[in-house]
Protein chains: 2
Amino acid sequence: MKEGKTEQCQFFMQRAIELAETHMMAMDGGPFGAVIVRDGKIVAEGWNKVTSSNDPTAHAEIVAIRRAGRTLKNFDLSDCELFSSCEPCPMCLAAAYWAGIRKITYGTDRNDAEAHGFNDAFIYQELCKDISRRQMVMIQLMRSEALAGFKRWDQFEEKTRY
Amino acid sequence: MKEGKTEQCQFFMQRAIELAETHMMAMDGGPFGAVIVRDGKIVAEGWNKVTSSNDPTAHAEIVAIRRAGRTLKNFDLSDCELFSSCEPCPMCLAAAYWAGIRKITYGTDRNDAEAHGFNDAFIYQELCKDISRRQMVMIQLMRSEALAGFKRWDQFEEKTRY
């Protein structure tokens with residue numbers, strides 16, 4: 001039984017790796033692929049489309065998560081797993097948290113990505129610094145005006161939480 | 001001159017706050033709005049659409065960045081600034097880094113968001129932990145097979161870097 005599970009995981013990872021390669025060769029974007037799995041079946045596939053779609057957010061995992069949400073008609077993917085050809089960057093990892101995903105299987109890691117020209121490791125470092133020490137200039141403005149929106153949200157009875 | 005610049009920033013922030021409120025009331029999603037500005041003009045607007053579009057990644061900043069890329073026909077937004085009604089969550093902040101954005105102005109912060117029911121601060125904490133200490137289960141598998149994709153990328157002459 002355990003062995004069957006391992007083989008299944010290898011099958012899904014193999015598919016993520018295939019997607020990375022196929023769509024890189026098709027010039028869709030960088031060499032990254034991902035699949036979302038529920039109940040032992042692939043419910044969505046994604047691959048990097050940053051350069052072909054002029055969308056800096058179109059990483060394989062983001063594309064797969066968006067498709068899974070649309071297919072399952074649910075923004076809560078807590079019954080799903082993510083398989084990605086590479087360790088998710090902070091954008092994609094945070095997206096997995098927002099989606100409620102609890103398990104990620106990945107091939108290469110952030111240092112492999114960095115060694116091949118991608119900024120994953122740098123962005124992880126930046127996000128974990130104090131705001132004042134980042135390369136990104138970040139300025140807070142009009143907090144009290146913006147807070148009013150949160151207060152209205154609290155009182156908004158029709159809201160859907162996520 | 002300096003005063004004019006401050007007023008301009010307040011104008012863009014006001015717009016981000018308005019988008020947050022208008023689209024929360026329209027039940028598009030949570031109370032978050034964002035605008036992308038280039039050369040003193042708004043080139044894209046975004047608001048949270050997570051619950052209405054079943055897209056866990058449809059935060060205001062992601063929506064605005066995607067629209068800006070499409071409008072400007074460029075995945076490189078390094079000549080743009082981001083204004084957001086709330087400090088970007090790790091997903092949105094990393095997206096800004098990937099887009100090449102260098103300056104972010106924000107209203108409320110991650111702790112305000114957390115106090116009103118959003119997981120921003122928790123996800124920041126998780127991302128900065130060692131993989132083994134996160135709530136997210138993360139397993140590495142088939143690294144050598146996945147590495148082959150990076151090697152092919154290195155050799156792929158037609159590639160567009162990002």
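Side chains are part of it too, since the values below use all heavy atoms of this structure and drop only hydrogens, waters and symmetry mates. In what follows, chains are A, B, ... by sequence order, proteins preceding strands, each numbered from 1.
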Flag, side chain of Gln140(B) to backbone of Tyr106(A), donor-acceptor distance under 3.5 Å: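 A pair under 3.5 Å: no.
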
Could you grab the distance from atom [atom1] of [X] to atom [atom2] of [Y], nearest 0.5 Å is fine?
X	Y	atom1	atom2	result
Asn54(B)	Arg66(A)	CG	CZ	12.0 Å
Arg102(A)	Gln135(B)	CZ	CD	10.0 Å
Tyr97(A)	Asn119(B)	OH	CG	11.0 Å
Lys159(A)	Met27(B)	NZ	CE	10.5 Å

Criterion side-chain contact (heavy atoms from CB on, under 4.5 Å) on Met136(B) and Leu82(A), from CA distance to verdict: CA-CA 11 Å; Met136(B) 182 75 75; Leu82(A) 171 63; over 6 Å; no

Which atoms of [X] are under 4.5 Å from chain B, going by heavy atoms: the side chain, the backbone, both sets, or neither?
X	answer
Phe83(A)	neither
Ala16(A)	neither
Cys86(A)	side chain
Asp120(A)	both

Hey, can you tell me if Tyr162(B) and His59(A) have their rings parallel, tilted or perpendicular (30° and 60° cut-offs)?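 Tilted.
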
Heavy-atom closest pair, residues Thr108(B) and Arg143(A):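 Answer, listing the atom of Thr108(B) first, then Arg143(A): CG2-O, 3.9 Å.
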
Name the region of Glu81(B), side chain, backbone, both or neither, that has any atom closer than 4.5 Å to a heavy atom of chain A.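 Glu81(B) has no heavy atom closer than 4.5 Å to chain A.
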
